[in-house]
Peer 1: 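Here it is, the structure, as structure tokens.
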Amino acid sequence: MSSGPTDPFSGRPPALVALRAAGLGDLLTAVPALHALRDAFPKHRRYLATSASYAPLVELIGGYELLDVAGRSQLPDIEDLDVAVNLHGSGPQSHRALLALHPRALVAFASPGAFDNGPPWQRDEHEVHRWCRLLDNVGIAADPTRLGIKVPLDDRRLGGDDVTIVHPGAASPARRWPPDRFAAVCRAERALGRRVLITGTKSELRAARRVAIDGGVSRDAVLAGTLPLRELVALIGRAGRVVCGDSGIAHLATATGTPSVVLFGPTSPACWGPPADRPQHVSLWTGHRGDPHGMHCDPGLLELTVDDVCSALAQLPCRPWHAGADLMRRSAS
């Protein structure tokens with residue numbers, strides 16, 4: 001796919017829009033594809049259609065203007081749209097929303113009745129590889145290992161190699177390991193002389209405080225609902241390690257190179273986990289598949305014990321936060 005010329009009438013370069021209007025982890029799985037598009041269309045005006053709440057993340061990915069689509073029934077018009085890329089799903093709704101903008105070319109998976117020119121959707125495919133394959137299909141080389149984003153400065157100086165981030169929350173109850181087990185992990189990490197910080201959203205504050213109380217962690221170490229996204233990325237990028245469920249925080253750890261232990265329940269890490277060939281990231285999964293949106297903790301997730309998690313944490317390699325941050329800056333450039 002070739003890069004279009006500058007419009008001779010407006011004098012402006014043509015535009016490209018990539019749609020990824022989903023959650024934090026979803027957006028981070030599209031980072032390699034977004035890097036590839038930025039490289040393939042260096043002279044285009046590039047837009048990333050997502051929620052305005054992810055504006056700091058769009059900046060840290062680099063090379064895109066944010067197009068806020070949260071709560072919209074249709075996408076806003078884009079002048080002289082050359083290429084539209086659907087990194088959101090397999091259609092047909094998202095396909096039709098992009099086609100309504102009248103791009104010269106649409107890059108998307110095939111969807112009967114909506115778009116026939118794309119490759120077939122594969123259900124059991126890692127989300128990162130899915131979007132790279134989509135671009136490869138149109139001749140845009142996409143490297144699935146280019147997961148890095150820039151790491152902002154840790155202005156609050158919360159991070160450090162001795163810090164363990166415990167993130168007990170997840171989007172659905174099926175993916176939330178019991179709070180008392182997270183509390184036991186907190187006690188074990190503190191016994192090793194590590195500082196424990198507990199993160200989460202505002203809605204997860206109550207659960208975070210329960211983990212802190214039961215885990216012997218001070219109240220001021222509970223950061224749930226207090227960190228803007230940019231500060232959260234800075235903290236994750238400079239922590240010693242992260243332990244969490246299948247959540248956006250797991251993807252942030254991967255994007256910043258921070259060692260992590262990620263607990264999977266109803267969903268296989270082969271589809272949503274960190275790269276299997278990176279020893280700084282450990283995925284724990286018992287092989288049970290279930291409903292990732294279920295209203296009760298998945299039975300497979302319950303099979304994971306505190307000892308399993310502590311053992312995995314003990315095996316993580318240590319690295320100074322600054323080395324990881326420098327590495328991620330290079331990989332995101």
Side-chain angles (χ1 to χ4, degrees), residues 20-31 87-90 94 109 121-133 144 147 165-186 198-201 203-204 206-208 210-211 224 236 241-255 258-278 280-313 315-316:
R20 187 61 167 164
L24 175 63
D26 301 277
L27 179 55
L28 289 166
T29 62
V31 164
L87 302 176
H88 186 74
S90 58
S94 52
F109 283 105
W121 181 270
Q122 296 177 6
R123 182 178 178 183
D124 292 325
E125 181 176 25
H126 195 287
E127 195 73 1
V128 171
H129 291 269
R130 183 191 311 284
W131 305 118
C132 291
R133 178 171 64 88
L147 290 157
I165 302 296
V166 174
H167 186 87
S172 66
R175 289 180 276 160
R176 295 175 197 155
W177 203 46
D180 62 313
R181 301 191 193 184
F182 274 113
V185 171
C186 290
I198 303 175
T199 57
T201 64
S203 64
E204 295 165 345
R206 183 176 179 180
R210 177 184 168 187
V211 170
I236 297 298
R241 64 211 58 81
V242 172
V243 57
C244 62
D246 177 15
S247 64
I249 295 299
H251 294 282
L252 270 183
T254 300
T258 299
S260 62
V261 174
V262 186
L263 287 64
F264 285 85
T267 303
S268 169
C271 293
W272 286 93
D277 60 349
R278 298 188 186 185
Q280 69 267 39
H281 305 298
V282 176
S283 297
L284 299 179
W285 187 52
T286 63
H288 180 274
R289 292 179 183 268
D291 179 7
H293 308 293
M295 296 308 296
H296 301 283
C297 186
D298 182 79
L301 187 56
L302 288 174
E303 291 179 12
L304 295 175
T305 69
V306 172
D307 287 344
D308 291 334
V309 175
C310 290
S311 176
L313 283 167
Q315 295 172 26
L316 291 180

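Being a predicted model, the structure only gives us computed values, none of them experimental.
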Peer 1: What residues, two or more places apart in sequence or in another chain, satisfy salt bridge (charged side-chain N to carboxylate O under 4.0 Å, His left out) together with E204?
Peer 2: none

Peer 1: Nearest 0.5 Å, please: how far is SG in C271 from CZ in R123?
Peer 2: 9.5 Å

Peer 1: Under the 3.5 angstrom rule, does the side chain of R175 hit a backbone N or O of P292 as a donor-acceptor pair?
Peer 2: yes

Peer 1: Work out which heavy atom in H281 is nearest to a heavy atom in S260; give both atom names and the distance.
Peer 2: ND1-OG, 2.8 Å

Peer 1: For R130 and Q122, indicate whether the former's side chain and the latter's backbone hold a donor-acceptor pair under 3.5 Å.
Peer 2: yes

Peer 1: Quick one: does any side-chain atom of R181 pair with a main-chain N or O of L302 as donor and acceptor, under 3.5 Å?
Peer 2: yes

Peer 1: Would the distance check show the side chain of S203 and the main-chain N or O of T201 forming a donor-acceptor pair, the cut-off being under 3.5 Å?
Peer 2: no

Peer 1: Hey, are S172 and H293 close enough side-chain-wise for a donor-acceptor pair under 3.5 Å?
Peer 2: no

Peer 1: Taking all non-hydrogen atoms of both residues into account, name the closest pair between H126 and G273 and its distance.
Peer 2: NE2-O, 2.7 Å

Peer 1: Donor-acceptor pair, T258 side chain versus I236 backbone, under 3.5 Å?
Peer 2: yes

Peer 1: For the residue pair R20 / T29, report whether a side-chain donor-acceptor contact shorter than 3.5 Å exists.
Peer 2: yes

Peer 1: Side chains of W177 and V309: closer than 4.5 Å at any heavy-atom pair?
Peer 2: yes

